K.L.:
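Have a look at the structure that comes next, please.
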Number of protein chains: 2
Amino acid sequence: MMRKNITLKDIARELEVSVSTVSKALKNSNEISRDTREKIQAFARLYNYKPNNIAISLKNKRTKNIGVVIPDIVHHFFTTVFRGIEKYANGKGYNVIVCVSDESFDKEVINMEMLANGSIDGFIMALSAETQLRGDYAHLRQVAEQGIPLVLFDRVTEEVPCDKVVINDEEAAMQAVEHLIRSGKRRIALITNESYLHVSAMREKGYRRALKDHGIPFDDTLVLRLPYQFEEEELSRQFFETRKFDAVLSVNEIFAIRGMRLARGQGYRIPEDISFIGFTDGMLSRYSIPTLTSVAQHGEEMGACAARLLIGKVEHEYDETDPGSYRTEVIRASLIERESTLPGLPGS
Amino acid sequence: MMRKNITLKDIARELEVSVSTVSKALKNSNEISRDTREKIQAFARLYNYKPNNIAISLKNKRTKNIGVVIPDIVHHFFTTVFRGIEKYANGKGYNVIVCVSDESFDKEVINMEMLANGSIDGFIMALSAETQLRGDYAHLRQVAEQGIPLVLFDRVTEEVPCDKVVINDEEAAMQAVEHLIRSGKRRIALITNESYLHVSAMREKGYRRALKDHGIPFDDTLVLRLPYQFEEEELSRQFFETRKFDAVLSVNEIFAIRGMRLARGQGYRIPEDISFIGFTDGMLSRYSIPTLTSVAQHGEEMGACAARLLIGKVEHEYDETDPGSYRTEVIRASLIERESTLPGLPGS
DNA sequence: AAAGGGCACGAAACCGTTTTCGTGTTAATA
DNA sequence: TATTAACACGAAAACGGTTTCGTGCCCTTT
């Protein structure tokens, strides 16, 4: 006895009034007499009337959906951001459609096209690695031209004019390195990925600047560049065996954790012999042995911020050709000190 | 110069034909002459015509969206399942709308109602803790009555007739305990959460059965029940200080990792003095020290299976009053052996 | 030459709302 | 009593498609 959802027309027929009357009555329009209103509302309640979202969307060209396109969902940072987005959006009555680009340019394009034809009111995205590598942002510009608001977070590019939410990567890396220097370390290694990721480049920049500011020469042999999320044990092993350093800054959590394991395996004490700091304060940092000092990115805050910017654009008019109407919000990272570093000197 | 998306009507006006002709031409209907078809198609391509998804949804009462309601998104297992759902659904041309219930009954209800009015073609859900605690499934039944297909995974209930995807929790727990027993352990502790979660209850059942099958008496003092995701260090500490055991089975990863840390803190060697096995094979299991033997739940497979079942129901007629039309798929868990357990005796 | 049959296209209904613009009735005003 | 305003409601268009059912025209057939 599957009772299909009841429509305005059904109510109108049953109560022998017109659909327009029903529609108005349900919105409590005082164009309709008190009597009729109450009768219609009672009937609607009785039969559990719920307006059809699709029809409403078609009518007012607003779906109350926002599209989120991210490179990966099984990833602590992205899910944290997503939580922030979802919470804020839900509070504003929006639903969230997620598409995963899997770090692939093509999937990113396809996903955006699927959604850009009426399914959503705006996009929140982090660019896939491949997209950043190719530097092809035509699909983003096209969406912008259609008048669909777009907010980029974390994995952003300067080549597309839109709202952005980033962390102060360069500064955060600097501060992390300075923290190491203050605790007496001088030979500081960097573990990063092949640098087509904008964020990695920024972090490396901060790393170099901190060294320079403290008169420590940059040594390229102390930089280990690993393929993205590829378990290249051999490269790392060699690095830890042949290079001498007393601290490590890693652009992500995994590389740091794997580094710590290798270092311990080779008999180093952490943090006495080698200190470690990683970016992305996830589960691993909190539960590793030793626990990992890390740069917290406040993903939930980023997500909420991105959603706020997007919904602002969706609900209010703006001139999308005016670069001045776009904001870039910086969510400041903070260093969470744990066992993998020595405390800095007091008074700093 | 925001050029809005072009519509059938625009094309029709420009080419001086009717909308129906345009519609048919674009679908390559041979009701339309070759000439006209080509002209219209060329024009459409030139102006980058894309049909409006919302209009299509309204017309054929199919949104090609599926709704996923899960208790938490910053959670390795759920995101893994989600990835499976997303991949399969995307392959079939579906988009996925995610709502997070935050383990709250009310949010679960509200989210479902938001989506049930035309936004989606079907639901995939894992029940919130609070919903299971209350045992109130009216919102699920209501959705089913509306003819909206529903698939439950992992956090399921027998009280709602629908498709389900579960793991063989009881059996997997049994096998884990047997693995411990085979490696010579006899006093096996269980760390679980307050058992209104169906899965936890099942795992405890398997734990008990394994003990019984091997003639080991069940000892209630060896069961530690922790509040859900609540960092109750004191309870755990007491447990590890006052009870004597040589192995631990934990219903999740976190409890196991925290247990290992406590045990090591008290001078126990792992796995020689105490072995550990945890459920949910996530990041922590792979990177902890020692690495944690764990029961892998194959989340991605579960997700794909759930999506397959759902889309099957969405696209084909079925009798929702016939219990025989519902399937329960069991995805078998597998034990991943790592450093936290001794290998079982050979030949087993 | 009349009948029949394709062919190529258009009109219109429909999906479920919202919203504008009448319009008939009643009550208040001049 | 005639005018007008307020009131309560309905008709119809609109959102952007799909689909059914005509229908006019031309060509073939008897």
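All heavy atoms count here, side chains included; hydrogens, waters and symmetry mates do not. Predicted, not measured: the structure shown is a model, and the values here were computed from it. Sequence lines set the chain letters: A, B, ... in the order given, protein chains first and strands last, and positions in each chain run from 1.
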K.L.:
Flag yes if more than 12 heavy atoms outside B:Arg327 fall under 6.0 Å of its CZ atom; otherwise flag no.
P.N.:
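Result for CZ/B:Arg327: open.
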K.L.:
State whether B:Lys87 and B:Glu300 are salt-bridged, where the test is any N-O pair (Lys NZ or Arg NE/NH1/NH2 against Asp/Glu carboxylate O) under 4.0 Å.
P.N.:
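Salt bridge flag = yes for B:Glu300 with B:Lys87.
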K.L.:
On DNA chain C, does the nearest nucleotide to B:Val22 precede the nearest nucleotide to B:Leu58 from the 5' side, or the other way round? Give the residue.
P.N.:
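So the residue in question is B:Val22.
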K.L.:
Regarding B:Val19, tell me which of base, sugar-phosphate or nothing describes its non-hydrogen contacts under 4.0 Å with the strands shown.
P.N.:
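Answer is nothing: B:Val19 stays at 4.0 Å or more from every strand.
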K.L.:
What distance do B:Ile97 atom CD1 and A:Asn65 atom CG have between them, rounded to the nearest 0.5 Å?
P.N.:
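Result: 4.5 Å between the selected atoms.
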K.L.:
Is the ring pair A:Phe78/A:His75 parallel, tilted or perpendicular, if the boundaries are 30 and 60 degrees?
P.N.:
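If you compare the ring of A:Phe78 with that of A:His75, the planes turn out tilted.
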K.L.:
At under 4.0 Å between heavy atoms, what does A:Lys24 touch on the DNA or RNA strands: base, sugar-phosphate, or nothing?
P.N.:
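A:Lys24: base contact, heavy atoms under 4.0 Å.
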K.L.:
What is the distance from atom OG1 of B:Thr7 to atom OH of B:Tyr47, rounded to the nearest 0.5 Å?
P.N.:
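The OH atom of B:Tyr47 is 13.5 Å from OG1 of B:Thr7, to the nearest 0.5 Å.
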K.L.:
More than 12 non-hydrogen atoms from neighbouring residues, nucleotides or ligands closer than 6.0 Å to NZ on A:Lys50, yes or no?
P.N.:
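Yes, the 6.0 Å shell around NZ holds more than 12 heavy atoms from other groups.
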K.L.:
Rounded off to whole Å, could you give me the CG-to-P distance for the B:Asn53 and D:dG16 pair?
P.N.:
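Rounded to the whole Å, the gap is 13 Å.
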K.L.:
Specify the separation, in whole Å, of atom CG of A:Asn52 and atom C1' of C:dT18.
P.N.:
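Spelled out: CG on A:Asn52 to C1' on C:dT18 is 13 Å.
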K.L.:
Just call it for A:Thr7: base, sugar-phosphate, or nothing, with non-hydrogen atoms closer than 4.0 Å on any strand.
P.N.:
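Result for A:Thr7 = sugar-phosphate.
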K.L.:
Can you tell me whether the side chain of A:Lys59 and the base of C:dT17 have a donor-acceptor pair closer than 3.5 Å?
P.N.:
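Donor-acceptor pair under 3.5 Å: no.
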K.L.:
Counting the atoms with a prime plus P, OP1 and OP2 as sugar-phosphate, which does A:Ser20 contact under 4.0 Å by heavy atoms, base, sugar-phosphate, or nothing?
P.N.:
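Base, at least one base atom sits under 4.0 Å.
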K.L.:
What's the CD1-P distance between A:Ile54 and C:dC15, to the nearest Å?
P.N.:
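Distance, rounded to whole Å: 16 Å.
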K.L.:
With a 4.0 Å heavy-atom cut-off, tell me which residues in residues 25-41 of chain A come close to DNA chain C, sorted by residue number.
P.N.:
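Result for residues 25-41 of chain A: A:Lys27, A:Glu31, sorted by number.
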